[in-house]
Amino acid sequence: MADQNSLPAKLINGGVAGLVGVTCVFPIDLAKTRLQNQQGPRLYTGMLDCLIKTVRSEGYFGMYRGAAVNLTLVTPEKAIKLAANDVFRQQLSKDGKGLTLYKEMLAGCGAGTCQVIVTTPMEMLKIQLQDAGRLAAQRPVPAESIATSLQAPQPTGSPPPAPQRPSATQITKQLLRTCGVAGLYRGMGATLFRDVPFSMIYFPLFANLNDLGHSTPEEKAPFVHSFASGCAAGSVAAVAVTPLDVIKTRLQTLRKGVGEDTYSGIIHCTRRIWSREGPSAFMKGAVCRALVIAPLFGIAQGVYFLGVGERILEVFG
């Protein structure tokens, strides 16, 4: 079998894990985005209400708006995240003394920092597509173009015909035309602000939980144990950083509903949410987020520890 510590195997494992995980939990992630973006009167009362209304108004595949972007970019994103954490852990344990909690958190920090180059544009595009249905249901007039949303609002006249919802390609072209590459990296600081703490919590917690599944360091934990460890660690980390995820989602949402706030940065966003919606607003979508991240990372770690990448390299090597 191929070397279990080889970087190509880690990248394949992370990519396969990401594809499987995202396919399973994407509708819940869509509900999370729409719930977090609600300001003032609520269109959705909770996750199930959001999913039911989405299916009624947009059809079954409405729950998968933005999935193509996620499935395209989640392979490199998860591959980088999981592989980088393993590489950093190996480098930090070269002294033979094993990893202290500080070193485990440092490895997680490195992994979270590395992934942001892919995560930011992926989340940027995904959020616009996921939130389009909420905006369409909230008001009868179409949302302005992305270019207009980045400028001062224009007066509205009589309602034009129902808008066509943008595709990922249209959004990308518009952002590149109006803002350059930086447009795709809007909210990068907020993404980093969320992903680094998440990884610093998740990876050490997963490693310690997973270690309980084997008696010797050389022994691999059973699939079920790795899956459960990934679910548990993912839930804890997801809930812990939900306030940071709310801020990131708000900052990356280009189109706003009637009367909804726009924000100039992390601090301004934090203050506006606190003053207008109260501290509880920072936990919007926490349940959805836990339900997304728990199985996502449970599946990811289960597939990762099954050694799919090693088997593929063995077949084609």
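Hydrogens, waters and symmetry mates are skipped; everything else that's a heavy atom, side chains included, is used.
- Atoms OG and CG, from Ser229 and Asn208 in turn, are 10.0 Å apart once rounded to the nearest 0.5 Å.
- Side chains of Thr33 and Arg134 form no contact here, defined as non-hydrogen atoms less than 4.5 Å apart.
- No donor-acceptor pair under 3.5 Å is formed between the side chain of Glu277 and the backbone N or O of Gln39.
- Between Met124 and Leu175, some side-chain heavy-atom pair lies under the 4.5 Å cut-off.
- To the nearest 0.5 Å, the span separating CG on Asp245 from CD1 on Ile293 amounts to 8.0 Å.
- At a cut-off of 3.5 Å, with distance as the only test, a side-chain donor of Thr253 or Asn37 sits close to an acceptor on the other residue.
- With hydrogens and angles disregarded, a donor-acceptor distance shorter than 3.5 Å links the side chain of His225 to the backbone of Leu209.
- A donor-acceptor pair under 3.5 Å links the side-chain atoms of Ser275 to the main chain of Arg272, judged by distance alone.
- At least one side-chain heavy atom of Glu123 sits less than 4.5 Å from a side-chain heavy atom of Arg194.
- Put simply, the side chain of Ile171 does not reach to within 4.5 Å of the side chain of Gln174, judged on heavy atoms.
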Under 3.5 Å, which donor-acceptor pairs link side chains of residues 234-242 to any protein atom two or more places apart or in another chain?
residue	atom	partner	partner atom	Å
Ser235	OG	Cys231	O	2.9
Thr242	OG1	Ala238	O	2.8
Thr242	OG1	Val239	O	3.4

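- One finds the CG atom of Asn85 at 13.5 Å from the CD1 atom of Ile80 (value rounded to the nearest 0.5 Å).
- Under a hydrophobic clustering in which Ile, Leu, Val, Met, Phe, Trp and Tyr are joined whenever their side-chain heavy atoms come within less than 4.5 Å, directly or via other members, Leu106 and Phe203 fall into different clusters.
- Counting heavy atoms from C-beta on, the side chains of Ile273 and Arg250 come closer than 4.5 Å.
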Start with the C-alpha distance between Thr191 and Tyr185, add both sets of side-chain angles, then the distance that settles side-chain contact (heavy atoms from CB on, under 4.5 Å), and finish with yes or no.
CA-CA 9 Å; Thr191 304; Tyr185 281 88; over 6 Å; no
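- In this structure, Phe297 has its ring center closer than 6.0 angstrom to the ring center of Phe198.
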Determine all donor-acceptor pairs shorter than 3.5 Å in which one atom belongs to a side chain in residues 111-118; sequence neighbours excluded.
residue	atom	partner	partner atom	Å
Thr113	OG1	Cys109	O	2.8
Gln115	OE1	Lys81	NZ	2.4
Gln115	NE2	Glu77	OE2	2.9
Gln115	NE2	Thr119	OG1	2.9
Gln115	NE2	Asp195	OD2	3.3

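- The heavy-atom pair separating Val22 from Leu296 by the smallest distance is N-CD1, 3.5 Å.
- One distance of note links CD1 of Ile266 with CD1 of Ile247; it measures 7.0 Å at 0.5 Å rounding.
- Considering every non-hydrogen atom in both Lys284 and Leu35, the closest pair reads CD-O, 3.6 Å.
- Residues forming a side-chain hydrogen bond (donor to acceptor under 3.5 Å, both in side chains) with Asn70 (at least two apart in sequence, or on another chain): none.
- Around CZ of Phe193, the count of heavy atoms belonging to other residues, nucleotides or ligands within 6.0 Å does not exceed 12.
- Residues Val181 and Leu192 are members of one and the same hydrophobic cluster, defined by side-chain heavy-atom contacts under 4.5 angstrom among Ile, Leu, Val, Met, Phe, Trp and Tyr.
- A side-chain hydrogen bond (donor to acceptor under 3.5 Å, both in side chains) with Thr54 is found for one member of Gln130, Arg34, Arg65 and no other, namely Arg34.
- Shortest non-hydrogen contact noted between Leu125 and Ala168 is CD2-O, 4.2 Å.
- By the 4.5 Å heavy-atom criterion applied to side chains, Leu51 and Val55 are not counted as neighbours.
- Annotation: side chain of Lys32 is in contact with side chain of Asp29 (closest heavy-atom distance under 4.5 Å).
- A donor-acceptor contact closer than 3.5 angstrom links the side chains of Ser226 and Asn210.
- Among all heavy-atom pairs drawn from Gln128 and Leu254, the shortest one is OE1-N, 3.0 Å.
- The shortest heavy-atom contact between Glu104 and Ala207 is OE2-CB, 4.0 Å.
- Hydrophobic clustering of Ile, Leu, Val, Met, Phe, Trp and Tyr side chains at less than 4.5 Å, counting indirect connections, unites Leu176 with Met188.
- Panel note: side chain Arg186, backbone Leu251; a donor-acceptor pair is recorded below 3.5 Å.
- Here OG1 of Thr120 is found 8.0 Å from NZ of Lys248. Values are rounded to the nearest 0.5 Å.
- Linking ILVMFWY side-chain heavy atoms closer than 4.5 Å, directly or via other members, places Leu244 and Tyr263 in a single hydrophobic cluster.
- Using a 4.5 Å heavy-atom cutoff, the side chains of Leu71 and Leu19 are in contact.
- Under the 4.5 Å side-chain heavy-atom criterion for Ile, Leu, Val, Met, Phe, Trp and Tyr, Val287 and Leu48 are members of the same hydrophobic cluster.
- Note: Phe227 and Phe223 have parallel aromatic rings, judged against thresholds of 30 and 60 degrees for the angle between ring planes.
- Across Gly133 and Glu58, no two heavy atoms sit closer than the pair CA-OE2, 3.5 Å.
- Rounded to the nearest 0.5 Å, atoms CG (Leu291) and CD1 (Ile28) are 5.0 Å apart.
- Ring geometry, Phe26 versus Tyr64: the interplanar angle falls under 30°, so the pair is classed parallel (tilted spans 30 to 60°).
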